[in-house]
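Report on the following structure.
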Amino acid sequence: MAVGNEVRSACRYQARIMITIGHHDCRLSDDRETGERMNEARDELLKRLENEARLLRRNLWRALRAGGGGHAGGSSSAADMLTALYFHRMRLKPSEPDWPDRDRFVLSKGHANAALGAVLAQAGFIDDALLDRFYHFESPFGMHPDIKVPGVEMCTGALGHGLAIATGMAYGARIQNKSFHTFVMLGDAELHEGSNWEAAMAAAHYRLDNLTAIVDHNKIGQSGRIEELISLDPLADKWRSFGWEVREIDGHDMGQIVDTFDALPLKKTRPTAIVAHTVKGKGVSFAEDTYLWHSNSVDDEVHARALKELGGA
Amino acid sequence: MAVGNEVRSACRYQARIMITIGHHDCRLSDDRETGERMNEARDELLKRLENEARLLRRNLWRALRAGGGGHAGGSSSAADMLTALYFHRMRLKPSEPDWPDRDRFVLSKGHANAALGAVLAQAGFIDDALLDRFYHFESPFGMHPDIKVPGVEMCTGALGHGLAIATGMAYGARIQNKSFHTFVMLGDAELHEGSNWEAAMAAAHYRLDNLTAIVDHNKIGQSGRIEELISLDPLADKWRSFGWEVREIDGHDMGQIVDTFDALPLKKTRPTAIVAHTVKGKGVSFAEDTYLWHSNSVDDEVHARALKELGGA
Amino acid sequence: MNMGASTTAPWREASANQTRLAFGQALLAIGERESRAVVLSADTQDLLGIRPWIANWPDRFIEVGIAEQNAIGIASGLATTGLHPYVCAYAPFIAARSMEQIRNDVAYANQRVVIGAAASGISLGVAGGTHHALEDLALMRSMPNMTVIVPADVNEAYHATLATLDIDGPVYLRLGGRTPEAPVTEDSAGFTLGRASRLRPGNDVTVIACGAMVELALKASDALKAEGIDARVLNMHTIKPLDREAILQAAAETSGIVTAEEHRFAGGLGGAVAELLAVERPTPMRMVAMPDEFAVVGPTVRLREKYGMSAEAIVAACKSLVG
Amino acid sequence: MNMGASTTAPWREASANQTRLAFGQALLAIGERESRAVVLSADTQDLLGIRPWIANWPDRFIEVGIAEQNAIGIASGLATTGLHPYVCAYAPFIAARSMEQIRNDVAYANQRVVIGAAASGISLGVAGGTHHALEDLALMRSMPNMTVIVPADVNEAYHATLATLDIDGPVYLRLGGRTPEAPVTEDSAGFTLGRASRLRPGNDVTVIACGAMVELALKASDALKAEGIDARVLNMHTIKPLDREAILQAAAETSGIVTAEEHRFAGGLGGAVAELLAVERPTPMRMVAMPDEFAVVGPTVRLREKYGMSAEAIVAACKSLVG
Ligand SMILES: Cc1ncc(C[n+]2csc(CCOP(=O)(O)OP(=O)(O)O)c2C)c(N)n1
Ligand SMILES: Cc1ncc(C[n+]2csc(CCOP(=O)(O)OP(=O)(O)O)c2C)c(N)n1
Ligand SMILES: [Mg+2]
Ligand SMILES: [Mg+2]
């Protein structure tokens, strides 16, 4: 029912996957045994993940340029957690995207698809060149995830759908005695949608501890600060009162992210909600912490400025 | 913004209204001043309300017989609170149902319309004879409330609509500087609907302390016990985490009901949620605490058995 | 009431002449044959008669509570893992309340989710406008990838439900409506998706009906026969994909077409037929359908009379086309 | 681009040729005239250009967050207290996500709620199937009491929005779609609810278009003229109630009718016209509409080409009717 602990521990602190993109298949080997080496590996792991995340941000801005614009804010705030999911936590086979035992990831805040596309390219699910076709005519890589793209689990974009879908996936694992874990990433303003709370109530009732919701808590929606739209506070209490185990983390601190992912499920018989405090637009100063960069145009000049800050060419 | 305290205290412990049905217009007079008389009045009040509630139950079963069946369970669990609302708490003019300053009541759990019809008839909004036309062809008194009926504020019946509507009414009072209070009664299983939580979050954000939600917490939905459908526990915590002031009461104890209604708003700048513990089918032993009487057929014989328990003819 | 030898089938007895219960009975057969089938309830365990399923396969049953949107989302997620979800729900709520979930999570993502939508049309006459489902065909028909089926009786409901075993995509099964006094379809006749069944020959005029109206179309045809008018009757059980050939053939071979459905005029069966004919072969039509208003409260039979959902109305419509 | 003297109106400049912004501009005029008007946003403050409203009348502005169902429910409640709510929203979400709230709380209860539905059709081409609103007309048209308006340009969007001051019931204003290079309606011409405006005379064939397609209908008419075909053009800005007379007259006076809309075939403008004509006066039709599939991603102009949402397609359709 739950993801077996043996299996999960076996895929912690992998080295090879960090080096060679497109070889997640090997994740089940190379387990480190001693505490010493694990600590060593952890430092190495974090450094690699941080590098990967930097690349991810460069790649997502690259996509935004190709599209002439897009959702820089929510893509950037999610980047570190997406990296840790795809390059550390999730059991995946990029060469076999429909591998039945793969972990599932649903990007409920589908407008962050530039980041998802970037991580899927980096992980080897899709051709890197697709990033340059963001928003293009007949491209499978549009503003929102399309299930036809290898590695994408569901068409999202309309907010408030992903948690119910992920609940179905996690329940599907239970019914079929599969040990995969389902992750879903939600926007914070997205939590205004009541459909989330239907799913939250149900998933807790089902005791789906193979389900983890990550709230990208960047405090901003489309029109402004959430506190001024409809306040979510106290957010952790809401999840708790709906029966979820909650952990609040800094969604840009790779150590905290990895430690939390490695500790899943936080509690047997409960789904986990990770409330990740993040900065919208993280990584590019002019895009940080402002609703103006929820979605915006990106031309060559803006792209160049962003890339400079991201240590890119 | 909030209901003025002066106005509300002025309509407590009225005597006349309890005596003459259909004369709510007089509620603003006859205020008792001394503690002594208030206590006296309170005992008298409770007795009168309890009598009125008994009549209400007889009337709702009368309607069910006229209709050949209906929602005995949820109508009966709501009966005492409906009585206290219409015969004590709300400022209403049955002779002028659209009086702009009237308090509002939305029966979100619209399937309890037999009880609403009964209380509207007892209060003089509608002709008592209409109770005998429950479910009849072209009757305005069908399974669910119809806004065309005097005293009915909204067409309900599809669950999960009333709280948003009531939030709009309460906000409408604020915008127009009106002091009316808005009440909405929700089923407990109804709270599965996510639309409730959208409205709950918003109403708290708006600080609508002129809004009170009453949850008829009879622990049963249509198919069984809520605990076995989708658990709502901890229910009070859910409301609190959504920013509401909560009080749990015994929804059949007229003293608790009246005291709570009289204390509204429980907290300035917050909407109030009254979680009323009730018994589905209350008052008729064979209908009590079973999903089988959520909705059921009622023929003359069943009606006679029910009426016997309710002290009717 | 003589329903022949097949009436002894236990599922038929348990269906008590209700298409929604026939759906639940068919699920029991599906449960035996298809281990991937999963049943979801939105506090509708009795409505579609699924308690036997729950007893047989508790691990393949999911109660979602009164949360129709959630039912569809969860079903979509289940389907992605290879399961075959069957959502048991009220038509007036599942179609409208979950419209966007059906569009995105099921139709757009093209997931194999079957929706059993009970209490359609004015089945719940006394329940009023919030509980009448008179626009659900317009909604469901508006989406690509959807299959939309309206069984005419318990037999067809049963077989159409079984047919979902072979439909690899989303299905909306509209249940409820008048229960015919006798079955209008043959037990043995099976159900062929997307193929209207011709229940009466006739070359004077054609009645295309679905669901509860098929019985009335047959009665109308019989009445017309007595007056020397041969009215063809097509049971258009599949609204989407529409049987274009059968309709065009009827338009070519008869003087006009009467559609009959327990749905409002806009966008339902009549609308689908009109859209096709206007482009392919303009043909005089009459539509027997519910008017563009919220229906009053009352027993369903009385509402049917009031709103002209009757064999007489179909007869009159046919005559106006051949007259 | 010459738009005449009226182009200097500040609202026109602020609308930047976007019907959704013209709606927001018209709200400013309404705010001055009607103290009961209240504006609601579902995290859509920029989409419909309502920041000036928020600045002017903060007490008559309500942000509901990303909660479209709640927006409709609250609007309904406000309306019962005598206020006139205007809901600013995305068409792909408000119509489908809130379908049941619109049906029950607004249409059934017949409340005076105006929905400004931006980003309709394939305005958000690059955003994909979750963000294309290609069935909203079918949904909105299915409900009694609804008024459904599809303005053809910013001018009409502005005036149609002002016209809601006199509509005592629910209104769906479909905004978005192609922005014409030049206005297709006259600034001074006002907007008459329920009356199609005849933008071109002509007795050979009729094009009935709405919204973004009106401009293309005019272009098609001009192109046909050069070939000696006089194509009447009706701007059917009001889809419900439909201007039956104008359609029947066109059917009587011309050889056939082409409908053009940025909506799928089923249940939209073409469906409405086909339903009417099939019963009243069978007439050959062609429908220029989006196919029954989820559209690909891409810039809106490319999608329009791909799916034949073009003047050329209208021309070809007209020719096939007069040929
Ligand atoms: C149902 C729905 N309503 C509205 C939108 C338009 N929309 C897209 S993103 C967005 C704001 C989302 O904010 P948040 O969830 O906080 O995401 P993030 O900050 O991570 O970008 C809105 C309103 C949508 N995509 N879906
Ligand atoms: C949206 C919607 N879904 C389903 C129903 C069918 N239904 C009517 S009452 C009911 C159970 C309600 O239970 P609860 O809210 O606890 O009410 P109570 O126990 O007070 O009767 C259901 C499922 C409905 N009316 N509306
Ligand atoms: Mg955010
Ligand atoms: Mg209950």
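Given the structure is predicted, the values throughout are model-derived calculations rather than measurements. Here is the naming used below: chain letters follow the sequence lines, and residue numbers restart at 1 for every chain. FYI, side chains are in, hydrogens and waters are out, and symmetry mates aren't considered; it's all heavy atoms of this structure.
- In this structure, CZ in C:Arg36 is found 6.5 Å from CZ in C:Arg112, a value given to the nearest 0.5 Å.
- A side-chain donor from one of C:Thr164 and C:Tyr86 sits under 3.5 Å from a side-chain acceptor of the other.
- At least one donor-acceptor pair closer than 3.5 Å links the side chain of C:His263 to the backbone N or O of C:Leu137.
- The closest donor-acceptor contact from the side chain of C:Ser76 to the backbone of C:Ile72 lies at 3.5 Å or more, if one exists at all.
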What donor-acceptor contacts under 3.5 Å connect chain C and chain B, backbone and side chains included?
{"unit_1": "C:Asp43", "atom_1": "O", "unit_2": "B:Ser223", "atom_2": "OG", "d": "3.2"}
{"unit_1": "C:Asp43", "atom_1": "OD1", "unit_2": "B:Gln222", "atom_2": "N", "d": "3.3"}
{"unit_1": "C:Asp43", "atom_1": "OD1", "unit_2": "B:Ser223", "atom_2": "N", "d": "2.6"}
{"unit_1": "C:Asp43", "atom_1": "OD1", "unit_2": "B:Ser223", "atom_2": "OG", "d": "2.6"}
{"unit_1": "C:Asp43", "atom_1": "OD2", "unit_2": "B:Gln222", "atom_2": "N", "d": "2.9"}
{"unit_1": "C:Thr44", "atom_1": "N", "unit_2": "B:Ser223", "atom_2": "OG", "d": "3.4"}
{"unit_1": "C:Gln45", "atom_1": "N", "unit_2": "B:Ser223", "atom_2": "OG", "d": "3.2"}
{"unit_1": "C:Arg51", "atom_1": "NH2", "unit_2": "B:Ser223", "atom_2": "O", "d": "2.8"}
{"unit_1": "C:Ile66", "atom_1": "N", "unit_2": "B:His192", "atom_2": "ND1", "d": "3.1"}
{"unit_1": "C:Ile66", "atom_1": "O", "unit_2": "B:Glu193", "atom_2": "N", "d": "3.2"}
{"unit_1": "C:Tyr90", "atom_1": "OH", "unit_2": "B:Gln222", "atom_2": "OE1", "d": "3.3"}
{"unit_1": "C:Tyr90", "atom_1": "OH", "unit_2": "B:Gln222", "atom_2": "NE2", "d": "2.8"}
{"unit_1": "C:Arg97", "atom_1": "NH1", "unit_2": "B:Leu159", "atom_2": "O", "d": "3.1"}
{"unit_1": "C:Arg97", "atom_1": "NH1", "unit_2": "B:His161", "atom_2": "NE2", "d": "3.2"}
{"unit_1": "C:Arg97", "atom_1": "NH2", "unit_2": "B:Leu159", "atom_2": "O", "d": "2.7"}
{"unit_1": "C:Arg97", "atom_1": "NH2", "unit_2": "B:Glu193", "atom_2": "OE1", "d": "3.2"}
{"unit_1": "C:Arg97", "atom_1": "NH2", "unit_2": "B:Ser195", "atom_2": "OG", "d": "3.2"}
{"unit_1": "C:Val126", "atom_1": "O", "unit_2": "B:Met143", "atom_2": "N", "d": "3.0"}
{"unit_1": "C:Ala127", "atom_1": "O", "unit_2": "B:His144", "atom_2": "ND1", "d": "2.8"}
{"unit_1": "C:Val297", "atom_1": "O", "unit_2": "B:Glu138", "atom_2": "N", "d": "2.8"}
{"unit_1": "C:Lys306", "atom_1": "NZ", "unit_2": "B:Glu138", "atom_2": "OE2", "d": "2.4"}

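- Here C:Ala127 is the residue among C:Ala127, C:Ala67, C:Gly65 with the most heavy-atom pairs under 4.5 Å with chain B.
- Heavy-atom pairs under 4.5 Å with chain B were tallied for C:Val296, C:Val126, C:Leu124; the largest tally goes to C:Val126.
- Under the side-chain hydrogen bond (donor to acceptor under 3.5 Å, both in side chains) criterion, C:Arg60 pairs with no residue, sequence neighbours left out.
- Listed here is the closest heavy atom pair of B:Val215 and B:Gly187: CG1-O, 4.3 Å.
- Between the CD1 atom of B:Ile214 and the CE atom of B:Met185 there is a distance of 4.5 Å, given to the nearest 0.5 Å.
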